[in-house]
K.L.:
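Okay, here's the structure, questions in a sec.
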Amino acid sequence: MTAIRQDAWSEEDDLILAEVTLRHIREGSTQLAAFEEVGEKIGRTSAACGFRWNSCVRKSYEEAISIAKGQRQKRSYLKKQNSSRGAQVAGFIIADGEDDYGSEEAQNSLSIDAVIRFLRQWKGTYQEAGRQLKMLERDLRDKEEELAELRAENERLSKEVNTAQSDYRVVNDDYKALIQIMDRARRLAFLSEEEEEIKNRFKMDANGNLERIE
């Protein structure tokens with residue numbers, strides 16, 4: 001049973017995936033067979049390899065894929081030519097009806113096998129995509145919770161800042177009031193000293209008149 005790895009894909013893994021898949025395309029094999037071979041080499045499931053190929057690696061090898069498909073068509077053409085020559089030789093030995101039946105049965109078997117492989121491949125790809133989607137949804141929920149916590153923290157800090165600003169205004173107003181009180185007290189003290197000094201400089205005589213004291 002192939003082990004399932006949870007670590008990220010490396011450049012070497014992507015290169016192996018591309019080389020094997022392109023070889024299978026050139027040789028007329030299926031991509032599922034390529035993904036199974038790659039999975040055995042790098043220790044991943046064929047579904048994970050298929051998902052990686054279709055979602056990331058394939059985009060970087062479009063030109064190589066076109067070349068590989070051209071080579072596959074050429075190989076297929078040569079193979080058909082060789083098969084045609086072989087059929088002509090075998091026609092002298094095997095009856096036409098029996099040969100046609102055998103060829104049709106083989107083609108039907110090959111078509112069913114290809115369909116089954118294709119469905120298995122896309123089933124694995126769909127399951128892998130579902131797992132990736134669940135991981136993304138979980139990450140999204142975590143980010144939303146983190147964002148909610150940050151918003152709550154920001155609201156709390158904003159309230160503290162507003163409270164501090166209000167306290168500062170109160171203290172500042174109290175400070176200004178204290179300065180004004182001190183200023184008035186200083187002026188009152190200065191006036192009292194002047195009045196006392198005036199009293200000490202003058203005295204009243206028997207007739208009720210003020211006279212300066214020298």
Side-chain angles (χ1 to χ4, degrees), residues 1-90 99-147 150:
M1 182 177 179
T2 305
I4 301 176
R5 292 168 41 182
Q6 299 297 331
D7 53 326
W9 284 74
S10 64
E11 293 182 359
E12 183 178 0
D13 292 342
D14 288 342
L15 182 60
I16 293 173
L17 176 59
E19 290 178 347
V20 174
T21 304
L22 290 172
R23 173 165 54 79
H24 278 260
I25 293 175
R26 285 194 303 271
E27 294 175 356
S29 179
T30 63
Q31 291 186 7
L32 179 59
F35 300 154
E36 290 174 350
E37 180 179 341
V38 175
E40 292 178 357
K41 287 185 176 182
I42 65 177
R44 296 181 185 270
T45 63
S46 59
C49 295
F51 182 82
R52 180 68 177 179
W53 170 257
N54 291 317
S55 62
C56 299
V57 180
R58 182 186 182 93
K59 301 174 184 177
S60 302
Y61 292 88
E62 293 293 342
E63 184 176 355
I65 292 172
S66 299
I67 295 174
K69 287 181 178 179
Q71 293 174 343
R72 180 183 63 188
Q73 291 176 355
K74 186 175 181 179
R75 288 168 61 93
S76 178
Y77 175 79
L78 293 175
K79 185 176 180 180
K80 286 181 180 179
Q81 291 293 325
N82 293 333
S83 298
S84 178
R85 294 190 187 98
Q88 291 176 0
V89 175
D99 180 66
D100 292 341
Y101 174 79
S103 176
E104 182 179 359
E105 182 180 9
Q107 290 176 0
N108 290 337
S109 176
L110 178 61
S111 298
I112 292 173
D113 183 65
V115 170
I116 291 173
R117 285 180 176 273
F118 176 81
L119 293 176
R120 286 178 177 174
Q121 171 189 340
W122 282 105
K123 180 182 178 182
T125 302
Y126 176 78
Q127 291 175 344
E128 182 68 18
R131 285 192 289 270
Q132 294 289 337
L133 180 60
K134 288 181 180 179
M135 292 176 61
L136 291 174
E137 289 176 348
R138 186 171 61 251
D139 292 341
L140 180 60
R141 286 194 300 268
D142 293 340
K143 295 300 182 184
E144 288 177 347
E145 292 176 359
E146 183 179 355
L147 179 59
L150 290 175

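Fair warning: this is a prediction, and the values are worked out from it, not measured in the lab. Because only heavy atoms are used, hydrogens play no part in the values below, and waters and symmetry mates are left out as well, while side chains stay in.
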K.L.:
SG/Cys49 to CZ/Phe35 distance, rounded to the nearest 0.5 angstrom?
P.N.:
7.5 Å

K.L.:
So which pairs with a foot in residues 48-65 pass salt bridge (Lys or Arg N to Asp or Glu O under 4.0 Å), sequence neighbours left out?
P.N.:
Asp14-Arg52

K.L.:
Got a second to check how far Lys143's NZ is from Leu136's CG, nearest 0.5 Å?
P.N.:
12.0 Å

K.L.:
Output all residues satisfying side-chain contact (heavy atoms from CB on, under 4.5 Å) with Glu144, sequence neighbours left out; order by chain, then residue number.
P.N.:
Leu140

K.L.:
Calculate, to the nearest 0.5 Å, the distance between atoms CD1 and OG belonging to Ile42 and Ser10 respectively.
P.N.:
7.5 Å

K.L.:
Counting distance only, does the side-chain N/O of Asp13 pair as donor-acceptor with the main-chain N or O of Trp9 below 3.5 Å?
P.N.:
no

K.L.:
What's the spacing between Gln71 CD and Ile25 CD1 if we round to 0.5 Å?
P.N.:
10.5 Å

K.L.:
Looking at every non-hydrogen atom in both residues, tell me the closest pair between Ala34 and Val20 and how far apart they are.
P.N.:
O-CG1, 3.7 Å

K.L.:
Where do Asn54 and Trp122 land on the side-chain contact (heavy atoms from CB on, under 4.5 Å) test, with the steps shown first?
P.N.:
CA-CA 11 Å; Asn54 291 317; Trp122 282 105; 4.1 Å; yes

K.L.:
Among all residues two or more places apart in sequence or in another chain, which pass the side-chain contact (heavy atoms from CB on, under 4.5 Å) test with Glu145?
P.N.:
Asp142

K.L.:
State, to 0.1 Å, how close Thr125 and Phe51 come at their nearest heavy-atom pair, and which atoms those are.
P.N.:
O-CD1, 4.1 Å

K.L.:
Just verifying a value: how many Å separate Arg120 CZ and Ser46 OG, rounded to the nearest 0.5 Å?
P.N.:
10.0 Å

K.L.:
Name all pairs fulfilling the side chain to side chain donor-acceptor pair (under 3.5 Å) condition that reach into residues 17-32, sequence neighbours left out, sorted by first residue then second.
P.N.:
Arg23-Glu37, His24-Ser29, His24-Glu37

K.L.:
Return the set of residues passing side-chain contact (heavy atoms from CB on, under 4.5 Å) with Gln127 (not counting sequence neighbours), or none when no residue passes.
P.N.:
Lys123, Arg131

